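I have placed the structure first, in the form of structure tokens, so that the comments after it can refer back to it.
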Amino acid sequence: MKRILFLLVTALVVVTSSADNGHSAWMGDFLDMTASQVQGYWRANGYDFAVDSSLPSEDYTVKGTSVRGGSDIALLYASYELMRQKRCGKMHDAAASPKFKYRILNHWDNLDGSIERGYAGKSIFWHTGLKRQQWRTRIEEYARLDASVGINGAVLDNVNASPKVITTEYLDTVKAIADIMRPYGVRVYLAINFASPMALGATSTADPLDSSVKAWWKAKAKEIYALIPDFGGFLVKANSEGQPGPFDYGRTHADGANMLADALRPYGGIVMWRSFVYGSRHKGEDRVMQAVSEFKDLDGKFRDNVILQSKNGPLDFQPREPYAPIFDNMKKTAQWVEFQVTQEYTGQSKHLVYLAPMWKEFFSFVSADSLRGVAGVSNVGNDANWCGHPFSQANWYAFGRLAWDPSLTSKAIAQEWLKMTFEESSNRYFYDSMTSVMERSREMCVDYMMPLGLHHIFKFDHHYGPEPDGFKAEYPIEWCPVYYHKADSLGVGFDRSSKGTGAVGQYREPYRSLYDNLSTCPEQYLLWFHHVAWNYRMKNGKTLWDNLCARYTRGVKAVETTLMTWKLMRSIFVDDCDEDRWNEVDSLLTIQLGNAQEWKDVCLDYFHQFSRMPLPAEGEGTVAPVATRE
């Protein structure tokens, strides 16, 4: 082992990055180039660019030095593909067509410049502290980064939307943002408050079947499209977590969505209607079942320009969830998936957690062919490195790459990002080592937070750190951690089998039967679907308790190994910029290790009072990795 470490350290060559303070992310010098300048760079290097009207508008081909695209935007995508090839050290022919028409980042940015679940500073759109040219430059850089990975849309504001965002004062700003991003193929969308006409004093109701309400939204759509002819449409969070919606008037989700869709239809706009609903009309029902309960009977009743937007799992962006069964139940309604790029439940940009393996896991259960698009809750803010943690940039990058081509492997994407962010592609040891770190980081997070199907045992409100004993009588029970693990003297876990809440019945076969049976349920979902005895013998012959202890221990040890690996990289970060970056990552990994140890200690101490079984001695209890799908 010592010899391997010695060879690793001595073989490493210097890694440099053109990023100033991490500011240019994976783009390097290309971040400073306009769309025409990027293409001009390649023309100067002997490439011939031309629009080919026989190609779909976003498709492109690269054959030798001949580049053809279905539009100017497609040629821009091709230019960035050449950049990717150059910085990864391998030029080759390519033919590319995006899998999804819609590849959209959802920014949860508030009009006061703050960002809900944002861990990278203020909003780049609404932060008034930025001077005008700084504001414009930052948004243009953002659009270039989006275009470089094929992201073609951005919702500019929080799903918990302010009615003010569609007033004239703010629409002028939306128009300015749209004008900046248009050359890069990034359309703007807005999250809207369903009760906007009433909240703004224009109507006495927000009933979607009221004629005055319909007329108001049609007039508002006309106003928006007069300013922004390529405006994308509305994102709506309705009758969820206190937001207004059609239920307030005895109407259905279809009534509400269709009213808005009719207003947008003449202009080609869409309505993205979120299925994230719970508690509104299903009090006492298992929270993870409520989306299917609410929407299944509405299948086929939505307009064709309404897309149902559902989270990848049935709960709320946990480090691991089974896929959301709503994708099995809505056969006549257009759907797409919502991923969370910002790390609300995976360390909040203080932890190195690469999320592409999670998203690939989802696509192993839900076919990309069944989806119209992909949305990602953005992790972008005004911090110098955009995303808070230098490695959190990889999640923005990976979201775009998988939204374009979900068949790409998480490993290949990690390697691309590393080579583009840390420029010296000849450094095989650095890239191999850090690719391995990134690939195992999500499983590491699951282990030290909530292994074996445990879920939602975070601290209240901010969701940073463990609170397995969390209960507040004044809160909805669905917000309380004790609701989800149900630990008692007999065992732990939420019984969603056919003998429990019956949530397994919402899944298609073979998963319905697979998850329903304790002996066949994959161990990574065990405590999601079953209340399991502490002394239950698992596949390795050890008890549930021993395995739970071992998973927590393994998670902490994995962070220790990650920190050690990063320390071995110290000598290769030689210039001031990269030395600062190394120090920042080293500091964050140290925090992550302390947090992982806290998760292990707090959770095992809490569960131990129920299991009454021995806690492992320090350093004991490792187990083989959980097999996952990609």
Side-chain angles (χ1 to χ4, degrees), residues 19 23-28 30-39 57-58 60 69 71-81 83-84 96 98-109 115 118 120 123-125 135-157 174 176-190 228 230-232 235 336 338-342 355-356 359 373-383 385-387 392-405 408 413 416-417 420-421:
H23 181 58
S24 60
W26 58 85
M27 287 270 285
F30 284 89
L31 188 65
D32 297 326
M33 297 184 188
T34 65
S36 60
Q37 287 172 337
V38 170
Q39 199 174 118
S57 63
E58 291 190 309
Y60 64 83
S71 66
D72 289 336
I73 295 301
L75 293 177
L76 179 64
Y77 290 154
S79 299
Y80 287 132
E81 169 62 19
M83 173 198 75
R84 187 162 30 248
K99 180 66 177 179
F100 303 113
K101 179 179 179 180
Y102 299 101
R103 309 175 300 278
I104 300 176
L105 282 179
N106 291 181
H107 292 262
W108 285 359
D109 296 19
I115 303 176
S123 169
I124 65 170
F125 304 120
W135 178 81
R136 180 182 180 86
T137 297
R138 194 67 159 158
I139 292 172
E140 191 165 19
E141 290 173 342
Y142 161 81
R144 290 169 187 163
L145 286 162
D146 274 355
S148 75
V149 289
I151 294 169
N152 67 357
V155 179
L156 304 182
D157 62 315
V174 175
I177 294 170
D179 290 345
I180 295 168
M181 298 203 297
R182 187 173 293 111
Y184 302 94
V186 183
R187 278 188 173 191
V188 299
Y189 300 75
L190 290 175
I228 311 163
D230 58 351
F231 179 73
L235 172 65
W336 68 39
E338 176 181 311
F339 295 131
Q340 192 177 49
V341 186
T342 191
L355 298 176
W359 303 333
V374 182
V377 180
S378 171
N379 64 345
V380 173
N382 198 44
D383 277 2
N385 73 3
W386 297 92
C387 300
S392 293
Q393 291 179 0
N395 292 328
W396 181 9
Y397 181 89
F399 169 78
R401 294 292 282 144
L402 286 173
W404 183 279
D405 182 0
L408 293 171
I413 295 169
E416 280 182 5
W417 179 81
M420 293 176 70
T421 305

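Just so we're clear, the structure is a prediction, and the values are computed from it rather than from any experiment. The residues of the chain are indexed from 1 along the displayed sequence.
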Taking C-beta and beyond as the side chain, do L145 and F30 meet within less than 4.5 Å on heavy atoms?
no
Determine whether W336 and Y102 satisfy the following criterion, ring-ring contact (aromatic ring centres under 6.0 Å, His included), listing intermediate values before the conclusion.
CA-CA 9 Å; W336 68 39; Y102 299 101; 5.3 Å; yes
For the atom pair CZ (R182) and CZ (R187), what is the distance rounded to the nearest 0.5 Å?
9.5 Å
Heavy-atom side-chain proximity of M83 to M27 below 4.5 angstrom
yes
Any heavy-atom pair between the side chains of L355 and F339 that's under 4.5 Å?
no
For S79, enumerate each residue passing the side chain to side chain contact (heavy atoms under 4.5 Å, CB included) test, keeping only those at least two apart in sequence or located in another chain.
V38, Q39, W42, F49
Is there side-chain contact between L402 and V374, with heavy atoms separated by less than 4.5 Å?
no
Can you name the residues that form a side chain to side chain donor-acceptor pair (under 3.5 Å) with W417, not counting sequence neighbours?
T421
If I take atom CZ from residue R103 and atom CZ from residue F399, how far apart are they, to the nearest 0.5 angstrom?
9.5 Å
Can you tell me if D405 has over 12 outside heavy atoms packed within less than 6.0 Å of its CG?
yes
Apply side chain to side chain donor-acceptor pair (under 3.5 Å) to Y397 and list each qualifying residue two or more places apart in sequence or on a separate chain.
E416
Taking atom CD1 of I115 and atom CD1 of I124, what is their separation to the nearest 0.5 Å?
8.0 Å
Sequence neighbours left out, what passes side chain to side chain donor-acceptor pair (under 3.5 Å) with D146? Give chain and number order.
Y142, W396
Is any side-chain heavy atom of V380 closer than 4.5 Å to one of R138?
no
With a 4.5 Å limit on heavy-atom distance, are the side chains of W135 and I177 in contact?
yes
Residues that F231 engages under ring-ring contact (aromatic ring centres under 6.0 Å, His included), provided they are two or more places apart
Y225, F234
Could you tell me the separation between the CD1 atom of I104 and the CG atom of N152, rounded to the nearest 0.5 Å?
6.5 Å
Side chain to side chain donor-acceptor pair (under 3.5 Å) involving Q340 - partner list, sequence neighbours excluded
E344
Atom CZ in F100, atom CH2 in W404: separation rounded to 0.5 Å?
12.5 Å
